[in-house]
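Below: one structure, written as structure tokens.
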Amino acid sequence: VTLRRAWESYKQVRKLRATTLRNYTARLNNQLGDWLDVPIIHLTEDAIQSRHEYITKNNGPAIANSAMRTLRAIIRFAQFKYRREDRTLLIQVNPVQQMNELRAWNKDRRRTRIIAPGQMKAWYMGVMQLHNHVSRDLLLLLMFTGMRWEEASALRWYEVDLQQGLITLRDERCKNGHQYTISLSDYVWRLLQTR
């Protein structure tokens with residue numbers, strides 16, 4: 001079973017969000033493309049470790065971790081999808097798992113790009129001068145609700161209840177998989193009412 005075959009099957013079986021599909025595809029094509037036609041059982045722990053170090057050096061620690069997590073998920077899926085006739089595992093060991101045992105993952109750093117309180121007025125004035133009113137309103141919605149970019153930019157009117165002053169995002173739209181409801185401030189209510 002090649003990595004490509006497992007990936008194609010994974011996409012058919014799993015219901016991936018658009019952002020996850022884009023991310024997995026990018027990692028496979030850009031960082032692991034030369035492994036797509038290699039049988040999974042030929043991907044050794046040493047090769048995994050070496051590739052992780054190479055990607056870290058050339059693309060950064062976050063992309064290296066993301067590539068290996070993508071690979072780990074697909075191999076885990078393949079372990080149970082593809083079995084011998086007697087139902088024993090064809091792929092006995094997930095070689096990416098050793099990254100956990102060796103504590104070889106790169107340290108993930110949280111993003112710290114924030115607008116400091118002293119910068120808020122300048123940011124707001126700059127946003128209000130945008131000629132593209134859709135972009136302007138999206139940035140304001142992000143700022144005043146705390147929604148994620150993917151959630152806000154894909155917001156649909158059926159998720160907005162102007163009567164009650166609520167936005168309700170269903171679980172399949174949220175990164176954490178849980179539905180949540182946002183109460184609209186007067187400012188955001190007027191923004192959406194105008195839109």
[X]: which residues meet the salt bridge (charged side-chain N to carboxylate O under 4.0 Å, His left out) condition with it, sequence neighbours left out?
| X | answer |
| --- | --- |
| R27 | none |
| R195 | D137 |
| E159 | R173 |
| R4 | D37 |

query = Who else is in F80's hydrophobic cluster (ILVMFWY, side-chain heavy atoms under 4.5 Å, direct or via others)?
reply =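 Listed partners: L89.
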query = In the hydrophobic clustering (ILVMFWY, side-chain contacts below 4.5 Å, transitive), which residues join L102, or is it alone?
reply =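 Reading the cluster by chain and number, L102 sits alone, since nothing else belongs.
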Roughly how far, to the nearest 0.5 Å, is the [atom2] atom of [Y] from the [atom1] atom of [X]?
| X | Y | atom1 | atom2 | result |
| --- | --- | --- | --- | --- |
| K57 | H52 | NZ | NE2 | 15.0 Å |
| I167 | R156 | CD1 | CZ | 13.0 Å |
| K107 | N65 | NZ | CG | 10.5 Å |
| T20 | R22 | OG1 | CZ | 9.0 Å |
| R72 | Q98 | CZ | CD | 11.5 Å |
| I115 | K121 | CD1 | NZ | 15.5 Å |

So, does [X] use its side chain to make a donor-acceptor pair with the main chain of [Y] at under 3.5 Å?
| X | Y | answer |
| --- | --- | --- |
| D161 | L166 | no |
| S66 | A62 | no |
| Q119 | A116 | yes |
| S9 | R5 | no |
| S50 | D46 | no |

ask   = ring pair (Phe, Tyr, Trp, His ring centres under 6.0 Å) with Y54: which residues, sequence neighbours excluded?
value =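 By the ring pair (Phe, Tyr, Trp, His ring centres under 6.0 Å) rule, Y54 matches no residue at all.
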Can you check whether [X] reaches [Y] side chain to side chain, under 4.5 Å on heavy atoms?
| X | Y | answer |
| --- | --- | --- |
| T181 | L169 | no |
| V127 | M143 | no |
| I182 | V188 | no |
| I75 | V96 | yes |
| Q97 | V93 | no |
| N58 | I63 | no |
| L71 | L43 | yes |
| Q31 | M68 | no |

Can you list everything that forms a side chain to side chain donor-acceptor pair (under 3.5 Å) with [X]? Sequence neighbours excluded, please.
| X | result |
| --- | --- |
| N100 | W105 |
| Q179 | none |
| T56 | N106 |

Give me the atom names and distance for the closest heavy-atom approach of [X] to [Y].
| X | Y | value |
| --- | --- | --- |
| I40 | A6 | CD1-CB, 3.8 Å |
| L21 | T25 | O-OG1, 2.8 Å |
| L155 | M147 | CD1-CE, 4.2 Å |
| I48 | P95 | CG1-CB, 3.9 Å |

task = Under the side-chain contact (heavy atoms from CB on, under 4.5 Å) rule, what do Y10 and K81 come out as? Steps first, then yes or no, please.
result = CA-CA 9 Å; Y10 187 92; K81 170 75 173 163; over 6 Å; no
ask   = Hey, mind stepping through L32 and T70 against side-chain contact (heavy atoms from CB on, under 4.5 Å) and telling me if it holds?
value = CA-CA 10 Å; L32 305 170; T70 300; 5.5 Å; no
inquiry  = Using side-chain contact (heavy atoms from CB on, under 4.5 Å), reason through L3 and V38 one step at a time and then give a plain yes or no.
reply    = CA-CA 6 Å; L3 182 56; V38 172; over 6 Å; no
request  = For side-chain contact (heavy atoms from CB on, under 4.5 Å), just list the numbers for L36 and T2, CA-CA rounded to whole Å, side-chain angles, deciding distance to a tenth of an Å, and then say yes or no.
outcome  = CA-CA 7 Å; L36 284 171; T2 65; over 6 Å; no
task = Give me the ring orientation class for Y24 and W7: parallel if the planes are under 30° apart, tilted from 30 to 60°, perpendicular past 60°.
result = tilted
task = Classify the side-chain pair Q49/E53 by whether it contains a donor and acceptor separated by less than 3.5 Å.
result = yes
query = Between T88 and D86, do the side chains contain an N or O donor and an N or O acceptor separated by less than 3.5 Å?
reply = yes
Shared hydrophobic cluster, Y82 / V13 (ILVMFWY, side-chain heavy atoms < 4.5 Å) =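 Yes, Y82 connects to V13 through the hydrophobic network.
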remark   = residues 144-195 vs ring pair (Phe, Tyr, Trp, His ring centres under 6.0 Å), sequence neighbours excluded, gives F144-Y187
message = Going by ring pair (Phe, Tyr, Trp, His ring centres under 6.0 Å), name the pairs with one or both residues in residues 114-135, residues two or more places apart or in two chains.
response =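 Every pair satisfying ring pair (Phe, Tyr, Trp, His ring centres under 6.0 Å) with a residue in residues 114-135: there are none.
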query = Would the number of heavy atoms belonging to other residues, nucleotides or ligands and lying under 6.0 Å from CE of M128 be above 12?
reply = yes
